[in-house]
Amino acid sequence: MVPDGRSLPGRVTVRLDGQDRATVAISISGEMSHAGRMSVVYLVSSAAYADAVAAGVAAARDHGVILYTTADSLTSSVANELTRLKPTRVVVVGGTTVIGDAVLRMAADLLGSGTTVERVGGKTAWDLAAAISARDFEPGIDSVVIAAAGSFFDALVAGPAAATLGAPLLLAAADSLPPATVAELRRLHPRRVVVVGNTAAVSGGVVAAIQAMGPEVERVGGADRYATAAAVATRLFPSATAVVATSGVTELGGLAAVPLAAAYGAPILLTASGDQLPISTRDSLIGHKPRRIYVVGPLSDVIGGEVVGFADGTITIPTEKATYPASDSDYHDPGELLTILRATEIAYPSLVHIFSIGKSAEGRDIWAAKVSSNVALDEDKPEVLVDALHHASEHLGVEQALYLFHTLTSDYATDPYVHRLVDERVIWIVFAVNPDGWVYDLSGNPYNFWRKNRQPNEGSTTIGTDLNRNYGYMWASGAAGSALKWSNLYWGPSAFSAPETRAIADFVASRVKDGKQRIRTHVTLHTHGELILYPYAYTYAHFPPDMKPDDFAVFRSMAAEMASMNGYGYEQSSLLFPSDGDEIDWMYGTYGIFSFTFELYPTAAAGRGIVYVPGSVIAKQTARNRGALLYLIDSAACPYAAIGKSAEYCPAL
Ligand SMILES: [Zn+2]
């Protein structure tokens with residue numbers, strides 16, 4: 001979660017969370033009452049909250065709070081909050097069918113004679129809005145704000161705007177002005193009306209009808225609800241130093257946040273589903289650079305991190321356009337990947353550190369995460385390396401790495417196994433070893449069927465080295481790489497001639513401490529075949545001189561165990577495809593790291609060569625490897641435990 005009071009210089013983030021809107025509202029009430037006594041409470045139906053949207057403006061005007069109630073009774077948590085606040089007035093919003101008289105009686109009994117309990121009623125949303133306006137405003141006011149009752153989130157973001165303008169919020173239908181709204185407009189006779197929403201939300205005909213009644217009309221709207229919220233922020237909160245971010249998909253306490261937003265002169269910005277902010281929300285955060293950020297409702301930690309990161313400049317918009325086609329939008333492109341990495345680092349500052357292990361041939365960063373408790377310290381814990389996307393077209397590998405990253409962070413608090421692994425191991429994840437190839441692959445229509453990196457080959461017009469033939473172990477030994485520059489298996493002019501493999505090698509070398517390699521297990525994520533591969537790739541022999549028999553037994557045993565978890569096959573790497581200069585050969589041959597290749601979904605039946613799979617498979621095919629990857633991480637303490645020889649090899653345990 002976003003840490004409360006995360007304090008970059010002069011910035012404060014407050015997370016107001018809860019399992020449902022009623023709890024979120026209590027959390028908001030607690031936050032607001034820090035600043036002073038809240039003397040008015042508006043009780044809104046947790047089921048029919050949309051009809052009560054104008055109550056947010058009334059609560060803001062009264063320096064009050066909103067709490068949600070059921071139709072029949074006050075829950076104990078709401079009763080407790082009322083007792084704590086001891087308001088002088090409780091206003092029940094809605095007719096008796098949405099909130100029964102029993103609720104009023106309970107509130108009156110609970111709070112005693114010092115509190116007035118009253119009802120503001122109305123059959124429909126616009127009746128209620130007009131009734132609240134009639135109660136609070138006199139004719140001759142400057143402005144009225146109007147949104148569509150059927151566009152709840154437009155009406156929601158209109159709330160703080162109305163409060164800031166000292167205006168009531170009235171409601172329209174999409175294509176007509178309801179009689180209650182017409183009557184209230186006639187009574188108030190404002191100079192202007194601000195219409196919040198695009199023409200689909202509030203039609204041009206409605207605007208014309210308002211103009212015919214006298215006031216000038218200004219429409220503030222955008223292409224969708226997110227853009228409308230951003231437009232309201234730009235137009236009516238040009239110098240806001242605070243923002244409130246809440247869900248634009250489901251009301252999760254957003255209405256209760258209206259008086260909070262109004263108290264800080266803050267606009268409400270909306271988040272979408274998924275793990276990326278809508279562009280208009282993102283741009284609004286970047287534009288406002290708010291110093292005070294409220295994240296309201298049980299939004300995901302990644303989204304909370306993005307709100308903070310875009311606001312404080314920790315996360316920036318990618319300058320490079322490299323995206324998946326709409327049909328594969330479930331995949332994360334390089335910019336989205338980096339946004340998630342940064343946002344997760346913000347959300348879990350004690351568990352996650354994001355860094356670059358080096359630059360690609362074309363100068364792109366090769367991004368990595370360190371995941372471990374006390375992440376800032378270089379503690380002596382068994383370490384695990386996970387990497388993906390040596391081969392540019394193997395997009396599912398990036399998603400698998402992201403899945404693991406997400407699991408280790410978001411499940412840390414709730415899953416004891418994950419918690420222990422993150423406490424007791426250091427997990428390094430390199431998400432895309434070959435960023436240049438990835439970007440190039442994405443520039444095709446839709447893809448370029450590209451495998452290698454994008455390093456120019458000297459003396460040739462051909463491009464690229466096969467990164468998984470470029471490692472400095474049995475490099476160019478002739479097993480099955482190629483000396484031909486045009487080949488998809490070109491091993492490069494020399495071992496580690498590719499900056500990308502050099503970066504991996506340098507990083508792994510940097511994990512040698514006191515003469516000991518801390519990385520004990522490793523997996524490189526490739527597609528495809530549904531196979532777990534282990535060294536060696538350069539030879540068919542099980543026991544060449546550089547393979548210890550016990551180690552081979554560990555490889556077999558660990559592979560079998562992981563295969564039993566993910567349903568893959570397993571075999572020595574050379575059986576699938578002999579290769580030289582292979583990463584896992586180098587990891588084991590150089591450092592004795594128990595190093596595996598996962599060939600992800602689908603099976604070999606999909607054919608040889610490059611196979612793209614639709615984004616719809618990502619969730620299932622990445623979750624499938626949860627157990628196997630956690631086992632690999634767990635095994636780093638003593639891989640020899642897999643063959644029952646931990647006493648012999650790991651006596652310290
Ligand atoms: Zn591959």
Side-chain angles (χ1 to χ4, degrees), residues 331 360 366 385-404 429-442 444 447-455 463-471 473-475 479-482 487-492 498 500-501 503-504 522-538 559 566 568-588 595-613 617-618 621-622 625 628-629:
Y331 282 93
S360 66
I366 301 169
L385 174 62
V386 177
D387 66 54
L389 208 85
H390 275 73
H391 296 138
S393 59
E394 297 173 6
H395 305 156
L396 193 58
V398 177
E399 299 302 323
Q400 185 69 70
L402 260 179
Y403 171 85
L404 177 65
I429 305 174
V430 180
F431 296 88
V433 175
N434 182 6
D436 299 349
W438 190 15
V439 168
Y440 177 70
D441 196 51
L442 293 179
Y447 305 121
N448 270 325
F449 290 83
W450 191 254
R451 172 180 172 92
K452 301 190 286 183
N453 77 348
R454 294 294 297 167
Q455 204 168 4
I463 299 277
T465 295
D466 181 347
L467 296 181
N468 209 26
R469 301 294 181 277
N470 189 242
Y471 283 83
Y473 197 80
M474 296 295 171
W475 175 80
S482 177
S487 167
N488 249 346
L489 304 177
Y490 177 49
W491 51 43
E500 296 86 356
T501 55
I504 291 280
H522 163 252
V523 61
T524 182
L525 301 168
H526 289 250
T527 66
H528 62 280
E530 300 192 7
L531 281 172
I532 298 171
L533 306 175
Y534 48 84
Y536 279 109
Y538 81 87
N566 63 8
Y568 286 11
Y570 62 100
E571 64 193 22
Q572 186 169 330
S573 187
S574 49
L575 283 180
L576 175 68
F577 209 78
S579 66
D580 27 31
D582 189 283
E583 185 191 25
I584 66 171
D585 282 13
W586 178 80
M587 291 276 178
Y588 175 71
S595 179
F596 297 85
T597 299
F598 277 18
E599 295 285 355
L600 305 176
Y601 175 92
T603 65
R608 281 218 154 183
I610 291 172
V611 170
Y612 294 101
V613 295
V617 310
I618 291 172
Q621 292 304 329
T622 57
N625 285 310
L629 291 173

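Hydrogens, waters and symmetry mates are skipped; everything else that's a heavy atom, side chains included, is used. These numbers come from a predicted model, not from an experiment. First listed ligand is number 1; within each ligand, the first listed atom is number 1.
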Practice problem: Please tell me if the side chains of Trp491 and Thr465 come closer than 4.5 Å, counting only heavy atoms from C-beta onward. | Solution: no
Quiz item: Taking only residues at least two apart or on different chains, which pairs with a member in residues 524-534 satisfy salt bridge (charged side-chain N to carboxylate O under 4.0 Å, His left out)?
Solution: Glu530-Arg624
Quiz prompt | Distance-only polar pair, side chains of Asn566 and Asn625, donor-acceptor under 3.5 Å | solution = yes
Quiz prompt | Test item: His528 and Glu394 side chains (from C-beta on) under 4.5 Å apart, heavy atoms | solution = no
Self-check item: Residue of the set Tyr440, Tyr331, Trp438, Tyr612 for which ring-ring contact (aromatic ring centres under 6.0 Å, His included) holds with Tyr447
Solution: Tyr612
Quiz item: Protein N, O or S atoms less than 2.8 Å from the Zn ion (ligand 1), ignoring waters?
Solution: His391 ND1, Glu394 OE1, Glu394 OE2, His526 ND1
Quiz item: How about Trp475 and Asn470: do any of their side-chain heavy atoms sit closer than 4.5 Å?
Solution: yes
